[in-house]
Amino acid sequence: MERSKRKVEHIEYALATAEAHRNAWDDLSFVPNSLPNISYGNTKVEADIPPFRLSSPFLINAMTGGAAAVTEINRLLAIVAREKGLAMAVGSQMAALRDPAVVESYAVVRRENPDGIVFANLGAEATVEEAQRAVEMIRADGLQIHLNVMQELLMPEGDRDFTGYLERIRAIREALGVPVIVKEVGFGMSRRTIEQLASAGVSIIDVGGRGGTNFAKVENQRHSAPLTMFESWGLSAPESLLEADNCRLDGVRLIATGGIRHGLDAAKALALGASAVGVAGALLHLVTNVPLEACLAAVDAWHHQLRVAMTALGVSELIELQRVPVLITGVTAERARLRGCKPERYARWDEEPF
């Protein structure tokens, strides 16, 4: 019961503590191309994240589950995923592994979207056996393992021991019969973390940066003695992608989650090296506030906005965005320089041959 209450509170406070309209993606802009020599109709938005070939780069990222009250939210998200061909991850399934009464809040996703790409989700404290059960519960195509150290530390009932995380991730990856994705929940990833995950054989990493749902703020809302000084903790999603660009990541694909608001933000993330983008808070607001038809229309608008950006930049496929010049300014550029990244390099891609 306590865990289910927490899941409902997470949804309530996530909606109540939505981040400001401006975020780190606004520090990025594109150099215009007045002679793009391309047709909008020839742009393609399929995303390649081996072994997955996605019809869209937008991923409905992990949000909820574990309480009867949130079953309807997952049902609506699953319908959006099915109708628009989006991959989808459920929220942490640990609640259902410990209480079969709440399995339905996750199982509804596979029932509504029987043929779609669906990812299971557990924390890095999970065992191999728990990971296998989570995958079986929803016949998942992959497993997300989420990292949420700061959230746990601020959570009144959260974990305090994070030893052995990397070893458990490695063990799950080696034992599981489906791909493993490791993701942050909104505090970003440093170069060191990304390299450690890659060395453990993780080939899909979601950098999950600051700028979207702020789980430090969410947990502080639930705490009688909030630690508000930690609400700005971590790296933004753009900063995390820049961290990754300084790593050796042969065969590793990146997902950028954290403050994606529209198709232009997605284009910026893809230009910095992401292969897909995760959206959570924006869709949570939609499915809880507007009719399903409006949710579907919003996803169509994101795809249209992305294709407008691609056409204006003269690229027909998503991978080509990684060779388009990007201007990185403001706090993002300043912090990137402190970390050894050179933002100027991204502004001059067009000085090199494609």
Side-chain angles (χ1 to χ4, degrees), residues 45-63 65 77-78 81-82 85-94 96-97 106-107 109-110 113-148 165-185 189 193-208 240-241 244 247-257 269-270 273-280 318-319:
V45 295
E46 291 83 3
D48 188 27
I49 307 181
F52 305 109
R53 180 66 175 172
L54 308 179
S55 60
S56 166
F58 290 99
L59 160 70
I60 299 178
N61 225 334
M63 278 182 252
L77 291 171
R82 181 191 70 210
L86 309 184
M88 175 181 172
V90 300
S92 175
Q93 293 165 262
M94 193 61 75
L97 295 181
Y106 304 96
V109 171
R110 180 53 84 186
N113 191 13
D115 301 316
I117 295 176
V118 176
F119 299 133
N121 183 300
L122 286 174
E125 76 279 6
T127 65
V128 169
E129 187 268 341
E130 287 170 333
Q132 291 169 333
R133 288 170 59 200
V135 168
E136 292 167 1
M137 185 188 302
I138 58 173
R139 292 186 287 113
D141 301 282
L143 171 69
Q144 279 189 347
I145 298 177
H146 65 262
L147 305 176
N148 64 334
Y165 268 20
L166 189 62
E167 291 74 15
R168 281 194 287 275
I169 289 170
R170 188 192 304 271
I172 291 172
R173 184 199 64 78
E174 292 175 350
L176 220 56
V178 297
V180 169
I181 304 162
V182 178
K183 69 180 292 285
E184 244 292 347
V185 304
M189 284 193 186
T193 296
I194 293 165
E195 288 177 339
Q196 287 178 302
L197 292 172
S199 71
V202 177
S203 61
I204 307 175
I205 299 173
D206 185 337
V207 297
S240 300
L241 290 174
C247 303
R248 292 195 170 199
L249 296 176
D250 294 339
V252 174
R253 299 302 174 98
L254 301 173
I255 299 172
T257 301
L270 297 165
S275 295
V277 296
V279 181
L318 299 182
I319 190 66

Chemist: Looking at side-chain heavy atoms only, is the closest gap between Arg168 and Thr127 below 4.5 Å?
Modeler: no
Chemist: Taking all non-hydrogen atoms of both residues into account, name the closest pair between Ala175 and Gln132 and its distance.
Modeler: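 Closest approach of Ala175 to Gln132: O-NE2, 4.2 Å.
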Chemist: Quick one, Glu46 and Leu318 - any side-chain contact, counting heavy atoms below 4.5 Å?
Modeler: no
Chemist: On a heavy-atom basis, which atom in Ala131 and which in Ile172 lie closest, and how many Å separate them?
Modeler: CB-CG2, 3.8 Å
Chemist: Quick one: are Gln144 and Asn61 in side-chain contact, heavy atoms under 4.5 Å?
Modeler: yes
Chemist: Is any side-chain heavy atom of Glu184 closer than 4.5 Å to one of Thr193?
Modeler: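 The answer is no; the side chains never approach within 4.5 Å.
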Chemist: Could you give the distance from CD1 (Ile117) to CG (Leu59), rounded to the nearest 0.5 Å?
Modeler: 9.5 Å
Chemist: Let me confirm one number: the CD1-CG distance from Ile204 to Leu197, rounded to the nearest 0.5 Å.
Modeler: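 One gets 12.5 Å once the value is rounded to the nearest 0.5 Å.
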Chemist: With a 3.5 Å distance limit and no angle check, can you tell me whether Arg110 reaches the backbone of Asn113 through a side-chain donor-acceptor pair?
Modeler: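 Such a contact is found between Arg110 side chain and Asn113 backbone.
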Chemist: Which atoms form the tightest heavy-atom contact between Gly91 and Ala62, and what is the distance?
Modeler: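 Taking every non-hydrogen atom into account, CA-CB, 4.1 Å.
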Chemist: Is there side-chain contact between Arg173 and Ile145, with heavy atoms separated by less than 4.5 Å?
Modeler: no
Chemist: Ignoring hydrogens and geometry, is there a side-chain-to-backbone donor-acceptor pair from Ser275 to Arg253 under 3.5 Å?
Modeler: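 No, the answer is negative, given that no donor and acceptor are paired below the 3.5 Å cut-off.
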Chemist: Can you name the nearest heavy-atom pair linking Ala120 to Ala140, along with the distance?
Modeler: N-CB, 3.6 Å
Chemist: Take Leu122 and Leu97 through the test side chain to side chain contact (heavy atoms under 4.5 Å, CB included) and record every step on the way to the result.
Modeler: CA-CA 10 Å; Leu122 286 174; Leu97 295 181; 3.9 Å; yes
Chemist: Which heavy atom of Ser92 sits nearest a heavy atom of Asn121, and at what distance?
Modeler: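 Taking every non-hydrogen atom into account, CA-OD1, 3.3 Å.
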Chemist: Do the non-hydrogen side-chain atoms of Ile255 and Lys183 ever get within less than 4.5 Å of each other?
Modeler: no
Chemist: Could you state the interatomic distance from CG (Leu254) to CD1 (Ile49), rounded to the nearest 0.5 Å?
Modeler: 9.0 Å
Chemist: To the closest 0.5 Å, what do you measure between OG (Ser199) and CG (Leu249)?
Modeler: 10.5 Å
Chemist: With rounding to the nearest 0.5 Å, note down the distance linking CG in Leu77 to CE in Met88.
Modeler: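 Going from the CG atom of Leu77 to the CE atom of Met88 covers 4.5 Å.
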Chemist: Less than 4.0 Å between a side-chain N and a carboxylate O, is that true for Arg170 and Glu174?
Modeler: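 Salt bridge absent between Glu174 and Arg170.
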Chemist: How close do Thr257 and Gly278 get, counting heavy atoms only, and between which atoms?
Modeler: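 Thr257 and Gly278 have their closest heavy atoms at OG1-CA, 3.2 Å.
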Chemist: Just so I know, are the side chains of Asp48 and Ile319 near enough to count as touching, which here means a heavy-atom distance under 4.5 Å?
Modeler: no
Chemist: So, do Met189 and Leu147 sit near enough that their side-chain heavy atoms are less than 4.5 Å apart?
Modeler: yes
Chemist: Begin with the C-alpha distance, continue with both residues' side-chain angles, and end with the deciding distance and a verdict on side chain to side chain contact (heavy atoms under 4.5 Å, CB included) for Ile138 and Val109.
Modeler: CA-CA 8 Å; Ile138 58 173; Val109 171; 5.7 Å; no
Chemist: If you round to the nearest 0.5 Å, how far is CD of Glu130 from CD of Glu125?
Modeler: 7.5 Å
